[in-house]
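Below: the structure, in structure tokens.
The figures here come from the full heavy-atom set of this structure, side chains too, leaving out hydrogens, waters and symmetry mates. As the structure lists them, so they are numbered: ligands from 1, and atoms in each ligand from 1.
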Amino acid sequence: MKKIVVLISGGGSNLEAIAKACQTGNIPASIELVISNQDHVKGLERAKKFHLMSKVIEHNNFNSREEFDKALLEQILPIEPDLVVLAGFMRILSNGFTKALEGKLINIHPSLLPDYPGLNTHKQAIENGDLMHGISVHYVSNELDGGPIITQGALKIDPVQSEAKLISRIHKIEHAVYPKVIADIIKGYISLQGDQVKFEAESHFGPNHMEFFNV
Ligand code: GRF
């Protein structure tokens, strides 16, 4: 059985979508460990609901980013995971961390990258009067929200839309796309070759893939 580790910081709705897909066999892998850098978050309750092993490693307990990342790796590497999934993990990772997991580390970001790396993407998209917003799934490099893009999902912004409503629409896309990408990676249909994403014919995705969602 292939092994996945999921890193979270908060709500964990993406974790739940991934856990469900593992349960139904849509993702042929098991979540071996969930790590949160925050205690008492909803994501940890969700991990419990799915009987997943979880650990809290609070970044505040470490003197530097490097020391925190080292503590993460000490938990992750012995598992020998096939894939490490960042699912709302709100920490910038050091070069040592991304290097140690090169080709096995993916992230989901709530914007159509390269637009809006970092925080408050929804607010920025609304304030700038953008017509479209969306999500990007990408392999993680040492650049914040950088790294080769695997796929993107887009929606049309309603001109009178609240930020909360936009966030919930974006979540729907994330929950549809992320488990599918993870399944394809686990099945060997998507991989990272150097700095290029390679798609096998069996993959749901392909180069420059962007799907429009009517959510
Ligand atoms: C998601 O929108 C994800 O793209 C971003 O953080 C949010 C996490 O949501 N990185 P959740 O914790 O999975 O509910």
Side-chain angles (χ1 to χ4, degrees), residues 4-23 27 31 33-50 52 54-59 72 83-93 97-98 101 105-126 130 132-155 157 161-183 185 205 209-211 213 215:
I4 298 176
V5 172
V6 183
L7 271 54
I8 62 167
S9 297
S13 66
N14 280 285
L15 166 68
E16 175 149 353
I18 298 161
K20 274 189 190 149
C22 289
Q23 220 172 43
I27 298 176
I31 299 174
L33 180 63
V34 175
I35 303 179
S36 174
N37 67 312
Q38 306 270 12
D39 206 351
H40 311 299
V41 291
K42 189 159 178 205
L44 289 168
E45 286 168 30
R46 286 181 148 129
K48 217 179 201 171
K49 187 169 101 183
F50 284 87
L52 303 173
S54 66
K55 283 209 164 101
V56 177
I57 305 179
E58 281 179 294
H59 59 277
L72 289 179
L83 189 64
V84 177
V85 176
L86 305 180
F89 187 65
M90 307 302 278
R91 299 294 303 164
I92 294 175
L93 296 160
F97 187 90
T98 55
L101 293 170
L105 183 61
I106 59 168
N107 183 39
I108 191 159
H109 181 74
S111 81
L112 296 170
L113 290 169
D115 288 350
Y116 312 128
L119 300 174
N120 300 320
T121 60
H122 316 285
K123 194 159 172 264
Q124 292 183 71
I126 291 173
D130 292 356
M132 306 273 282
H133 189 42
I135 64 107
S136 305
V137 179
H138 63 95
Y139 279 101
V140 177
S141 68
N142 52 23
E143 194 188 322
L144 177 66
D145 297 321
I149 290 177
I150 300 169
T151 190
Q152 296 185 302
L155 53 69
I157 298 181
Q161 184 148 88
S162 70
E163 189 189 356
K165 175 74 186 167
L166 182 56
I167 290 174
S168 99
R169 290 176 68 206
I170 283 289
H171 263 133
K172 284 189 188 150
I173 301 182
E174 294 189 326
H175 303 160
V177 173
Y178 215 12
K180 253 191 186 173
V181 171
I182 292 166
I185 294 175
F205 306 95
H209 182 273
M210 185 189 284
E211 188 174 347
F213 286 81
V215 284

Going through the checks in order, is the side chain to side chain contact (heavy atoms under 4.5 Å, CB included) test met by Asp130 and Tyr116? CA-CA 12 Å; Asp130 292 356; Tyr116 312 128; 2.6 Å; yes
Judging by distance only, is a nitrogen or oxygen of Ser13 under 3.5 angstrom from one on ligand 1? yes
Look only at interatomic distance and state if Leu15 has a nitrogen or oxygen under 3.5 Å from any nitrogen or oxygen of ligand 1. no
Closest protein heavy atom (residue, atom, distance) for [atom]:
{"atom": "atom 8 (C) of ligand 1", "value": "Gly88 CA, 3.6 Å"}
{"atom": "atom 9 (O) of ligand 1", "value": "His171 NE2, 3.1 Å"}
{"atom": "atom 10 (N) of ligand 1", "value": "Ile108 O, 3.2 Å"}

Between the candidates Ala87, Ser9, Gly12, which shows the shortest non-hydrogen contact distance to atom 12 (O) of ligand 1? Gly12
Look at the side chain of Thr121 and the backbone N and O of Pro110, then say whether any donor-acceptor pair between them is shorter than 3.5 Å. yes
Could you tell me which non-hydrogen atom of Ser111 sits nearest to which non-hydrogen atom of Ser136, and how far apart they are? O-OG, 2.6 Å
Which heavy atom in Asn37 sits nearest to a heavy atom in Arg91, and how many Å separate them? ND2-CD, 3.2 Å
Below 4.0 Å from ligand 1: does a non-hydrogen atom of Lys42 turn up there or not? no
So for Pro110, does at least one of its heavy atoms come nearer than 4.0 angstrom to any atom of ligand 1? yes
Looking at Glu174, which atoms of ligand 1 are within less than 4.0 Å of one of its heavy atoms? 1 (C), 2 (O), 3 (C), 4 (O)
Pair Arg46 + Glu16, salt bridge at N-O below 4.0 Å: yes
Can you confirm whether Ile185 sits close enough to Tyr139 that some side-chain heavy atom of one is under 4.5 Å from a side-chain heavy atom of the other? yes
Any side-chain donor-acceptor pair under 3.5 Å between His133 and His122? yes
